[in-house]
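Scroll down for the structure; my scribbles are underneath it.
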Amino acid sequence: GYLYACSIGFNVTKGTTPGYVSAGHCGDAGEPAYLEGSAGTGPQWTLGPQIGTFQGSTFPNPGQTGTDMSWVQISGSNTQSATVYGWGSGDVTVKGSTEGAVGAAICRSGRTSGWRCGTILGRNETIVYAQGAVSGLSRSNACAEPGDSGGSWISGDQAQGVTSGGSGNCTSGATMWFQPVNEILSVYGLSLTTSGG
C-alpha cells in the first residue's frame, strides 16, 4: 500500500535473469518496482511503467541487526547497461567491484540529489535506525537525501555499494552509509554487469 521513491544501484544478472540491486528498505520481495516518469528520470513522484519485481529484500526488524539490500528482476522489455548515470557530470562505465580503500575518492548517484562525491571514511560499521540496526556498512561524507536510497556508489570505475542512509543533507553536509555491493552479489548469487572496454 506504500510507494517508496528509491534509486537503482547496479545492473546484475542471476544466471540469465536480468535485474538490478538496491536497498532492502526500498521494497519487500514480491512487490513491483516502477520507473519514475516514462524513462526513469522524472519528473519526481510521477508513476511510470512497472519495470520489475523485488525478488529478494532484507532489512532488520526493530531491536534486531541485519542488512539493507535487495535485488529486482527486470522485465524482458528493459535493456541493461554497465553504466552509472552521472546527472550531467558524465556517465561512468562499471568495470568491476574491487573494494576501495578508506581514504579513496567515491561518488554516488541518486534520483533526489543527483551526482555527489566525497571520500570513503570507514568500513564494516553499524548504524542504528529507528527501524533496526544495519551492520557491515561503509561510511562516506558524500551527501545523500531521501529518495537516493539504493543508488550506486562508485570509486573510479569500481562499483562500491548502494545507499542505505545517514544523517544530514546536501545543504549542511552529511554522513552517509552504504551497503557494500560485493556482499549483495554474494548473498543473492548475482553477477555484476560490467564492461571491459
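Both backbone and side-chain heavy atoms feed into the values below; hydrogens, waters and symmetry mates do not.
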Main chain of [Y], side chain of [X]: is a donor-acceptor contact present, judged purely on distance under 3.5 Å?
{"X": "Thr93", "Y": "Thr83", "value": "no"}
{"X": "Asp148", "Y": "Thr112", "value": "yes"}
{"X": "Ser7", "Y": "Gly147", "value": "yes"}
{"X": "Asn169", "Y": "Ala144", "value": "no"}
{"X": "Gln50", "Y": "Pro32", "value": "no"}
{"X": "Gln179", "Y": "Thr163", "value": "no"}
{"X": "Asn61", "Y": "Gly132", "value": "no"}

Answer yes or no: is there a side-chain heavy-atom contact under 4.5 Å between [X] and [Y]?
{"X": "Met176", "Y": "Arg139", "value": "no"}
{"X": "Pro49", "Y": "Tyr34", "value": "no"}
{"X": "Phe59", "Y": "Ser70", "value": "no"}
{"X": "Glu99", "Y": "Arg123", "value": "yes"}
{"X": "Gln131", "Y": "His25", "value": "no"}
{"X": "Ser140", "Y": "Ile120", "value": "no"}

Heavy atoms only: give me the nearest [X]-[Y] pair and the separation to one decimal.
{"X": "Glu36", "Y": "Pro43", "result": "CG-O, 3.6 Å"}
{"X": "Gly19", "Y": "Gln80", "result": "O-NE2, 2.8 Å"}
{"X": "Pro180", "Y": "Leu137", "result": "CD-CA, 4.3 Å"}
{"X": "Ala29", "Y": "Ser57", "result": "N-CB, 3.9 Å"}
{"X": "Thr65", "Y": "Pro60", "result": "C-CB, 4.0 Å"}

Q: Run the numbers on Ser138 and Gln160 for side chain to side chain contact (heavy atoms under 4.5 Å, CB included), then give the verdict.
A: CA-CA 9 Å; Ser138 298; Gln160 298 296 306; over 6 Å; no
Q. What pairs of residues pass the side chain to side chain donor-acceptor pair (under 3.5 Å) test when at least one of them lies in residues 9-24, not counting sequence neighbours?
A.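 Passing the test, one end in residues 9-24: no pairs.
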Q.
Between Phe54 and Asp28, is the side chain to side chain contact (heavy atoms under 4.5 Å, CB included) condition met? List the steps.
A. CA-CA 6 Å; Phe54 283 87; Asp28 296 326; over 6 Å; no
Q. With a cut-off of under 6.0 Å to the ring centre and 45° to the axis, is Arg108 in cation-pi contact with Trp177?
A.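 The answer is no, since Arg108 fails at least one limit relative to Trp177.
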Q | Intermediate values then yes/no, side-chain hydrogen bond (donor to acceptor under 3.5 Å, both in side chains), Thr58 and Thr67 | A | CA-CA 6 Å; Thr58 62; Thr67 55; 2.7 Å; yes
Q: Output, in order, the C-alpha distance, side-chain angles, deciding distance and verdict of side chain to side chain contact (heavy atoms under 4.5 Å, CB included) for Ser164 and Phe178.
A: CA-CA 5 Å; Ser164 176; Phe178 60 90; 5.7 Å; no
Q: Give the other cluster members for Trp87, using side-chain heavy-atom distances under 4.5 Å between Ile, Leu, Val, Met, Phe, Trp and Tyr residues; answer none if it is isolated.
A: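 Phe10, Val12, Val21, Met69, Trp71, Val84, Tyr85, Val92, Val94, Trp115, Ile154, Val162, Val181, Ile184, Leu185, Val187, Tyr188, Leu190, Leu192, listed by chain and number.
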Q | Euclidean distance, Asn141 CG relative to Ile106 CD1, rounded to 0.5 Å | A |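 Nearest 0.5 Å value for the CD1-CG distance: 10.0 Å.
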